[in-house]
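So you know, we letter chains A, B, ... as the sequences are listed, proteins then strands, and number each from 1.
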Number of protein chains: 2
Amino acid sequence: MVQALTIHDIARLAGVSSMTVSRAINQPDRVSQAMRERVLEVVRHTGFVPNATAGSLRSARARLVAAVLPTLTGPVFQEMVRALNQALAERGYQLMIGQGGYGPDGEDELLHAVLRRRPDGIVLTGILRSPNSRRRLLSAGIPVVETWDLTASPLDMLVGFSNERIGEAVCAYLHRKGYRVPALLCGDDERAQRRAKGFKHMAQLLGWAVSAPVHLVPAPTTLAQGRAGLAALLDAHPLTDAVFCTSDMLALGVLIEAQTRGLAVPDQLAVVGLGDLDFAASLQPALTTVRIDGTRIGQTAAQYIVDRVEGRSVDQPILDIGFSLVERASA
Amino acid sequence: MVQALTIHDIARLAGVSSMTVSRAINQPDRVSQAMRERVLEVVRHTGFVPNATAGSLRSARARLVAAVLPTLTGPVFQEMVRALNQALAERGYQLMIGQGGYGPDGEDELLHAVLRRRPDGIVLTGILRSPNSRRRLLSAGIPVVETWDLTASPLDMLVGFSNERIGEAVCAYLHRKGYRVPALLCGDDERAQRRAKGFKHMAQLLGWAVSAPVHLVPAPTTLAQGRAGLAALLDAHPLTDAVFCTSDMLALGVLIEAQTRGLAVPDQLAVVGLGDLDFAASLQPALTTVRIDGTRIGQTAAQYIVDRVEGRSVDQPILDIGFSLVERASA
DNA sequence: ATGAAAGCGCTAACAC
DNA sequence: GTGTTAGCGCTTTCAT
């Protein structure tokens, strides 16, 4: 490249005005067929790529949606991100991922960096604790979708599920299966702890004798933490017969540690994970886990944002997509 | 928000010209201290976020670098992406991830979508086969870094390693350890197959009796494919005593399948992975694998691009960062 | 050290 | 259906 082509160059080469070039590219229906063909031929021949920066500035529409993920992106959100990306691409929008890496004041800085690009909407994933950030996001006046959680008072829209109810469901399941000395292996993020809370609540309702011990590990959770976590739990509570792990990676670690110790799963120890990552079904024993429909979250979030950007109203701005307990061999 | 604030609003509120506001924000040294404080106070108070779209358009510098990843992003590139993101953020650049999701003509469309935003540079990860895309990228005239591979004639700059040599090293290692009936479990992407080629080449040099069978599986590779792959290999070649898997996920599947079949690792079967993902060290037995320094790739790529964008020359535009064979218990 | 003028490349709004 | 004009919000450039 010597100097990037502009729409004016194309216009000159095609012998038309630059407005016609713009229309031929962006609103082909509003141009006669002959014109369209002539212009697009020049575009193809020159390899012209329109400058979206300029277009965005003028039209105040960036065709860009930002997703803000927790500092360390594990495999957990992958399904959602892929669906989000695809659904947006199909509608002519691009996804921009904001990922931290901004030092100690990360959250505010990250949001600032994202808002500078003037995205048409933002998808949040359990970040944004700081009231400062929330205020700033609100005053940006763009559609926001919060995900992976449920609250009565979202910033704007929400597509999620109840983490408490997940804990309750797993607890009831283990109780029904006859386990009686449960323990929890839990990431230290807010949502994971909400699951633990639900679990304990249900345990009380069911009249479980012991209060389940909770072993907290720093997120993002790893297999190694699962192994060490089970070891620690068994040290302190040797009679433990069931472990609910707030991620499949933790559960895999627990499975491996149990096997190393000669503990039979599920007979001597029940293991339940969360996420239903692609390896869960193929483990030995296959992992019983909680499935979250990340694809649906991503698609719905995309839909909500695009609808709002394009002036359609969103029927159900707070959507609980639930979850499902996938019963396999480990519990 | 009613209407987003502009630099002019801030200028009016601070009683200065908009140029002074711009300087106070972007080149604080070029403004007197009193001025700077006055302006930044207004900025803070109003929550003003500058419009990077406008700035990019005028200055022809987006402070944006794009990374183009294969359609399905596994955990493999995570380390690199994180390092890239962080290194860019520290230098005041933002990372934008391009991810496919654009239908059958994905590659060209993805590149087009990325180039429309006029990024200052592009980091490629083993995508971009189409000559069309390569031509278009070249004519965009921006710095490009290819990664995760080695070639004598890169598009522009390159930070990678030799996939052939990885195959050779693993083969030699297994030979030294006394294994004699090797097999390969290999993703169907180009780079994985390059590793297989290196492996077979070394096997020949070492005078290995059998030519190692290769079982190909579609990328991105999964644990389930590892299990099924080992089953298939053992069916066809019951005497197999060593498997080189071109990803740690495949290796994990092989480990699980071996254990299910009562095959002792490493005594009856050696297993080698690739990637050294965070779970590799904690498996039972711990996984022998090939480590690639994703952090270094990401940091170097960021450095190269920023250096070029800011007019500094890059000393060693083709950099082989090598790899290391991490010897653990599985082989 | 600060300000005024001009313009980046595109599209909204309006003419014809 | 096509063209003209103006301006999005910022920064470059030049003047003071």
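- For D120(A) (side chain) and R63(A) (main-chain N/O), a donor-acceptor pair under 3.5 Å exists by modelled atom type.
- First and last contacts of DNA chain C with chain B, using any nucleotide atom under 4.0 Å from a protein heavy atom and ordered 5' to 3', fall at dA1(C) to dG9(C).
- A4(A) approaches D9(A) most closely through the heavy-atom pair O-OD2, 4.3 Å.
- The backbone N or O of R23(A) sits nowhere less than 3.5 Å from a side-chain atom of N26(A) that would complete a donor-acceptor pair.
- For residues 129-156 of chain B, the pairs satisfying ring-ring contact (aromatic ring centres under 6.0 Å, His included) are F77(B)-W148(B), W148(B)-F161(B), with sequence neighbours left out.
- Residues meeting the side chain to side chain donor-acceptor pair (under 3.5 Å) test with T53(B), sequence neighbours left out: N51(B).
- Between its opening and closing five pairs, the helix from dA1(C)-dT16(D) to dC16(C)-dG1(D) changes axis direction by 30°, a value rounded to 10 degrees.
- Distance CG (D29(A)) to P (dT2(D)): 13 Å, rounded to an integer number of Å.
- For the residue pair Q303(A) / Q299(A), no side-chain donor-acceptor distance below 3.5 Å is found, with atom types taken as modelled.
- Looking at every heavy atom in both residues, A67(B) comes nearest to L95(B) through CB-CD1, 3.8 Å.
- Every residue was checked against the ring pair (Phe, Tyr, Trp, His ring centres under 6.0 Å) condition with F48(B), not counting sequence neighbours, and none meets it.
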Nucleotides 7-16 of chain D: protein proximity per nucleotide (B base, S sugar-phosphate only, - neither; heavy atom, under 4.0 Å): BBBBBBB---

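- One N or O on the side chain of R91(B) and one on the backbone of A87(B) form a donor-acceptor pair closer than 3.5 Å.
- When each of L155(B), V145(B), L115(B), I305(B) is checked for a side-chain contact (heavy atoms from CB on, under 4.5 Å) with I122(B), only L115(B) meets the rule.
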